[in-house]
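Here is the structure we will look at.
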Amino acid sequence: MHVTITDSAVTLYIKEIPLKQGDSLRLFVRVGGIGSGGFSVGVIKADPTPTSYKIKKNGITFFVTEDDFWYLDGMTIDYDEDLGYLHFSNPKFEQLDHPENI
């Protein structure tokens with residue numbers, strides 16, 4: 001399991017949620033959509049479970065529970081401040097709108 005969260009994305013989450021040193025933020029997946037489906041990545045303040053994959057950056061613990069490992073493994077979360085755009089990419093999916101197109 002590997003997830004990359006860039007410093008710019010961490011800064012955005014800290015500012016917008018807001019988060020403080022020691023907070024934990026769960027990254028999770030919502031599956032659904034029209035046609036072939038798809039998924040979106042959500043965030044919620046929560047505490048990690050003992051089996052969660054954890055990433056500590058800038059005093060914040062980001063984590064993924066086992067239910068979402070498959071979707072988020074290999075994902076990079078980045079924020080482009082100039083465009084105001086939070087970008088999710090994962091090389092195992094051709095497009096994240098239709099994840100079964102592997």
Side-chain angles (χ1 to χ4, degrees):
M1 174 74 201
H2 180 76
V3 175
T4 301
I5 305 171
T6 65
D7 289 338
S8 58
V10 172
T11 300
L12 174 72
Y13 285 127
I14 289 171
K15 177 182 168 188
E16 294 295 321
I17 291 184
L19 298 170
K20 62 183 183 323
Q21 293 284 313
D23 280 347
S24 297
L25 193 66
R26 177 180 171 209
L27 303 168
F28 66 94
V29 171
R30 293 187 67 159
V31 178
I34 299 172
S36 61
F39 66 91
S40 59
V41 177
V43 295
I44 188 170
K45 281 184 173 181
D47 293 321
T49 65
T51 57
S52 294
Y53 171 77
K54 300 172 195 82
I55 309 138
K56 293 187 180 191
K57 292 199 75 158
N58 300 348
I60 307 299
T61 300
F62 294 84
F63 70 96
V64 178
T65 62
E66 289 177 314
D67 292 342
D68 297 319
F69 280 6
W70 183 84
Y71 292 97
L72 297 174
D73 185 32
M75 184 167 284
T76 297
I77 302 170
D78 189 20
Y79 177 66
D80 185 322
E81 190 172 337
D82 291 336
L83 297 176
Y85 181 70
L86 190 61
H87 180 73
F88 300 85
S89 62
N90 191 329
K92 75 179 181 183
F93 300 120
E94 286 182 31
Q95 55 178 309
L96 292 178
D97 295 335
H98 303 284
E100 61 274 346
N101 294 336
I102 302 175

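Below, all heavy atoms of this structure are taken into account, side chains as well, without hydrogens, waters or symmetry copies.
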Next item on the list: Start with the C-alpha distance between Asp68 and Arg26, add both sets of side-chain angles, then the distance that settles salt bridge (charged side-chain N to carboxylate O under 4.0 Å, His left out), and finish with yes or no.
Entry: CA-CA 10 Å; Asp68 297 319; Arg26 177 180 171 209; 3.4 Å; yes
Check: After noting the C-alpha distance and the side-chain angles of Thr11 and Glu81, does the key distance pass the side chain to side chain contact (heavy atoms under 4.5 Å, CB included) rule?
Finding: CA-CA 10 Å; Thr11 300; Glu81 190 172 337; over 6 Å; no
Checklist line | Separation between CD1 of Ile5 and NZ of Lys57, rounded to the nearest 0.5 Å | finding: 7.5 Å
Check: If you measure only the distance, is there a donor-acceptor pair under 3.5 Å linking the side chains of Thr49 and Ser52?
Finding: yes
Notebook entry, point to check: How far apart are the C-alpha atoms of Leu86 and Leu12, what are their side-chain angles, what is the distance that settles it, and do they pass the side chain to side chain contact (heavy atoms under 4.5 Å, CB included) test?
Noted result: CA-CA 9 Å; Leu86 190 61; Leu12 174 72; 3.9 Å; yes
Notebook entry, point to check: What's the spacing between Asp82 CG and Ser8 OG if we round to 0.5 Å?
Noted result: 10.5 Å
Checklist line | Heavy-atom closest pair, residues Lys45 and Leu25 | finding: N-CD1, 3.8 Å
Notebook entry, point to check: Atom OG1 in Thr6, atom CD1 in Ile77: separation rounded to 0.5 Å?
Noted result: 8.5 Å
Next item on the list: With sequence neighbours excluded, tell me which residues meet salt bridge (Lys or Arg N to Asp or Glu O under 4.0 Å) with Lys54.
Entry: none
Next item on the list: Please report the closest heavy-atom contact between Pro48 and Ser24, naming both atoms and the distance.
Entry: CD-OG, 3.7 Å
Check: Looking at Tyr71 and Met75, what are the two nearest heavy atoms and their distance?
Finding: O-CE, 4.1 Å
Next item on the list: Decide yes or no for Tyr53 and His2: does some side-chain heavy atom of the first lie under 4.5 Å from some side-chain heavy atom of the second?
Entry: yes
Next item on the list: Quick one: do Ile55 and Phe63 satisfy side chain to side chain contact (heavy atoms under 4.5 Å, CB included)? Show the steps, please.
Entry: CA-CA 6 Å; Ile55 309 138; Phe63 70 96; over 6 Å; no
Checklist line | Phe28 side chain near Val41 side chain, heavy-atom distance below 4.5 Å | finding: no
Next item on the list: Using a 4.5 Å cut-off on heavy atoms from C-beta on, say whether the side chain of Phe69 contacts that of Val64.
Entry: yes
Show me, pair by pair, the donor-acceptor contacts under 3.5 angstrom made by side chains of residues 13-21, not counting sequence neighbours?
residue: Lys20; atom: NZ; partner: Asp23; partner atom: OD1; Å: 3.2
residue: Gln21; atom: NE2; partner: Asn58; partner atom: O; Å: 3.2

Next item on the list: Working to the nearest 0.5 Å, report the span between OH of Tyr85 and CG of Asp78.
Entry: 10.5 Å
Next item on the list: To the nearest 0.5 angstrom, please state how far the OG1 atom of Thr4 sits from the CZ atom of Phe62.
Entry: 12.5 Å
